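This one's a predicted model, so the numbers in the text were calculated from it and none came from an experiment. In what follows, every chain begins at residue 1, and chains take the letters A, B, ... in the order their sequences are listed. The basis for the numbers below is simple: all heavy atoms, side chains too, and nothing from hydrogens, waters or symmetry mates.
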There are 2 protein chains.
Amino acid sequence: MSLSSQPVRSVREQIADQLRNEILSDQLPPNAPLREAKLAERFGTSRGPIRDVLLQLTQEGALIYKPNVGVRVGTPTVNEDRELLISLRRQIEVRALDTIWGHLEDEDFRAMREILDGMDRACEKKDMAAIAGSDMALHRYLIHRAGSADLEAIWLSIAVRIRMTYSRLKTFKDIWSEHVAIVDAIQALDKTAALEALEANIV
Amino acid sequence: MSLSSQPVRSVREQIADQLRNEILSDQLPPNAPLREAKLAERFGTSRGPIRDVLLQLTQEGALIYKPNVGVRVGTPTVNEDRELLISLRRQIEVRALDTIWGHLEDEDFRAMREILDGMDRACEKKDMAAIAGSDMALHRYLIHRAGSADLEAIWLSIAVRIRMTYSRLKTFKDIWSEHVAIVDAIQALDKTAALEALEANIV
DNA sequence: TTAACAAGGATTGTTGACAATCTACAATCA
DNA sequence: TGATTGTAGATTGTCAACAATCCTTGTTAA
């Protein structure tokens, strides 16, 4: 097949991804208001599709909706609640790893390496939105390959609320290295290393 | 204060609750299509608010959306995935119980008893939508009182996907009794009994 | 008989306009 | 001076109309 077989992504999906990444990377900081009309102008649509996106992101946990007032960027979950969410997220990711173990193909590793390449470039450019997006995309790829849309949706809802922080790492490159280690261990079929790398990454 | 202080529920919220209950009780069976125009007629609104509701329920996990085609009722999660969701749900509910333990007031027990009365009436009438709604409402009350909107949203997303089944119980009255036992144990501050009743209920 | 194509109807997606609600600020009153 | 009220502008919520897409059925060709 010589023609591209990339899935066509809907306008809604693209806008949602873009805004989610901006929220996850703090480009849109907690409590920042989002205005339908401005976003419609920014993305070249009418307000209708923007409303859909804002509603989706609200349900995902990225935004807080107030009737007749609008939506604002939500505050990340903290303290014990965050600990519980991290624990839940880990359980889902470990389960996904179990499910896909030994079943990934060359195409899968090609796709994950591609995500890592994007992350590498984002780290070079210190582009936090793209870093956050790649981070999310890699983990999500594994969940997605495990095949349960339900677990994937719940995982997303948790991941969005946790808001990964990168302050524990010294350099941008460390963000990338940590994720490379996960993929390397999976590809080498070293489950102990994969689980360790994965759980060390979700904190 | 002699005037009612009941919170006003938005039209969207009321429609979402009604449809969710119908889905949870199988009145709207898996794979059944939902049509915007028909629902708009049924609820006396335009299609816009209905689209909002359908999008919300889709994100919650009750509906499956297909671009340009519409939404259908989702299929409950089964097998190992369901086991994991039940485990996650239990962890969230146990955490909520910890958080509220010893802090509930007379007003809370009045509210929960009121939900149980509604469940009792629903059982008499064998009204599955109302039973499912009461079941959800009681558990959700506890989560809500624990004070984390994030955990509440994730809990809802899990609960909707699990779809409680009542076939393990002999009579409609058993459904109610099982929930009475939970509230009784909480009110008596008997934590062991509360945890046992709660976990036995979520299967 | 089966597969491919065309057409009509059903339904969703988008748009712009109007109605409803909220917020911020100024003016007035006690 | 602080509290209350009124007003204007910003923004969301809803509506109806039109555009786009899909599904179903019927027809035709191999």
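Distance L34(B) CG to dT12(C) C1': 14 Å, rounded to the nearest Å. In this structure, E36(A) atom CD and dC22(C) atom C1' are separated by 14 Å, rounded to whole Å. Atoms CD1 (I50(B)) and C1' (dG13(C)) sit 16 Å apart, rounded to a whole Å. Taking atom CG on L55(A) and atom C1' on dT12(D), their separation rounds to 13 Å, with Å as the unit. Spacing between atom CG of L39(B) and atom C1' of dT12(C) amounts to 13 Å, rounded to whole angstrom units. The interatomic distance linking R47(A) (CZ) with dG16(C) (C1') rounds to 10 Å, in whole Å. Summarising the geometry, the separation between CZ on R51(B) and P on dT15(C) is reported as 12 Å, rounded to the nearest angstrom. Across the protein-nucleic acid pair, R12(A) atom CZ and dA20(D) atom C1' stand 15 Å apart, rounded to whole Å.
Counting any heavy atom pair closer than 4.0 Å across all strands shown, R35(B) reaches sugar-phosphate atoms only and no base atom. Looking at heavy-atom distances under 4.0 Å, L54(A) makes no contact with the nucleic acid at all. Residue G48(A) is classed as a base contact, given a heavy-atom separation below 4.0 Å to a base.
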Problem - Criterion salt bridge (Lys or Arg N to Asp or Glu O under 4.0 Å) on E124(B) and K173(B), from CA distance to verdict - result: CA-CA 8 Å; E124(B) 296 279 347; K173(B) 203 71 170 182; 3.6 Å; yes

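Contact check, S46(B) against dC15(D): a side-chain N or O comes under 4.0 Å of OP1 or OP2. Phosphate contact (OP1/OP2 of dG13(C), side-chain N/O of Y65(B), threshold under 4.0 Å): present.
No hydrogens or angles considered: a donor-acceptor pair under 3.5 Å links the side chains of Q18(B) and E22(B). With hydrogens and angles left out, the side-chain atoms of S148(A) and E152(A) include no donor and acceptor closer than 3.5 Å.
Relative to the six-membered ring of Y65(B), R12(A) meets both conditions, a distance below 6.0 Å and an angle of at most 45° to the axis.
Closest-nucleotide positions on DNA chain C for V69(B) and P67(A) were compared, and the one nearer the 5' end corresponds to V69(B).
Ring geometry for W155(B) versus H139(B): interplanar angle under 30°, hence parallel rather than tilted (30 to 60°).
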